[in-house]
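Inspection log for the structure reproduced underneath, given as structure tokens.
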Amino acid sequence: MRILTKEIFAVVKSIAFSLLIAIFIVNFVLQIVTVSGESMVPTVQNNDKLIIEKVSYRITDAKRNDIVVIKYPADISQRIIKRVIAVAGDKVKINNNILYINGKIINEYYKNENFMKDYDEVMVPQDSIFVLGDNRNFSKDSRSSDIGFVKLNLLEGKAVIRLYPFNKMGGIR
């Protein structure tokens, strides 16, 4: 009976330890997310499953072109996925369907739309990023008043791998 109790305790201890490791990984290292919506087409599609890593933004800042999951500023219980277009200190402008960062034309190989509404030049404030969806005409992003400049503390992580659909599994650009 005593041996059985020790074995049960060892199994319970192993399960508890495994749960603690899983909770740590999900909260601080990696997370699987499901894309909801069409704002990042063609880069990612509705219902794609992605792995986001959460460590790098605790160490370094977001970079232009990173695909990020952020807490929706108007309701932080929701998450959205967007592309980082500009970082603190950058000037952003859209004119005649062309994106300008700091006065330079940006080649947007990932963009789904040929037409974009003009957007007056703005400067990204400190501790913030400017994000856009790749499917510009169907994206609620930094051009929207309920999102605007995204504070860095709202960054959840960087999308790094698509898990599903399986025929598109791999890194994300």
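Residues: numbered from 1 along the sequence shown. Below, each value reflects all heavy atoms present in this structure, side chains not excepted, and no hydrogens, waters or symmetry copies.
- At least one donor-acceptor pair under 3.5 Å links the side chain of D141 to the backbone N or O of G133.
- A salt bridge links E108 with R136: the closest approach of a Lys/Arg side-chain nitrogen to an acidic carboxylate oxygen falls below 4.0 angstrom.
- The number of heavy atoms from other shown groups lying within 6.0 Å of CG (D118) is above 12.
- V44 and L163 are not part of a single hydrophobic cluster, where members link through side-chain heavy atoms under 4.5 Å apart.
- Surrounding OH of Y109 are more than 12 heavy atoms belonging to other residues, nucleotides or ligands, all under 6.0 Å away.
- Between the CG atom of D48 and the OG atom of S36 there is a distance of 11.5 Å, given to the nearest 0.5 Å.
- Using a distance-only test at 3.5 Å, with no hydrogens or angles considered, a donor-acceptor pair links the side chain of T60 to the main chain of S56.
- With hydrogens and angles ignored, the 3.5 Å screen pairs no side-chain donor or acceptor of D134 with any backbone N or O of K111.
- At a threshold of 4.5 Å between side-chain heavy atoms, the hydrophobic network of Ile, Leu, Val, Met, Phe, Trp and Tyr places I67 and I161 in two separate groups.
- Other residues, nucleotides and ligands contribute over 12 non-hydrogen atoms within 6.0 Å of the NZ atom of K49.
- Remark: side-chain polar atoms of N135 are not paired, donor with acceptor, to backbone N or O of M40 under 3.5 angstrom.
- Residues L152 and V124 do not share a hydrophobic cluster, defined by chaining ILVMFWY side chains whose heavy atoms lie under 4.5 Å apart.
- Both V33 and V35 are part of a single hydrophobic cluster, where members link through side-chain heavy atoms under 4.5 Å apart.
- Taking all atoms of both residues into account, the shortest heavy-atom contact from A88 to D127 is CB-N, 4.1 Å.
- Remark: F138 engages no residue in a ring pair (Phe, Tyr, Trp, His ring centres under 6.0 Å) (not counting sequence neighbours).
- Checked by atom type and distance alone, the side chain of R83 never pairs as donor or acceptor with a backbone atom of L132 at under 3.5 Å.
- The CE atom of M116 sits 10.0 Å away from the CG atom of N95 when rounded to the nearest 0.5 Å.
- Applying the 6.0 Å contact sphere to CD1 of I76 captures no more than 12 heavy atoms from other residues, nucleotides or ligands.
- For the pair K82 (side chain) and K140 (backbone), a donor-acceptor distance under 3.5 Å is present.
- Tested against I52, the residues I32, V68, V69, I81 include a single side chain to side chain contact (heavy atoms under 4.5 Å, CB included) partner, V69.
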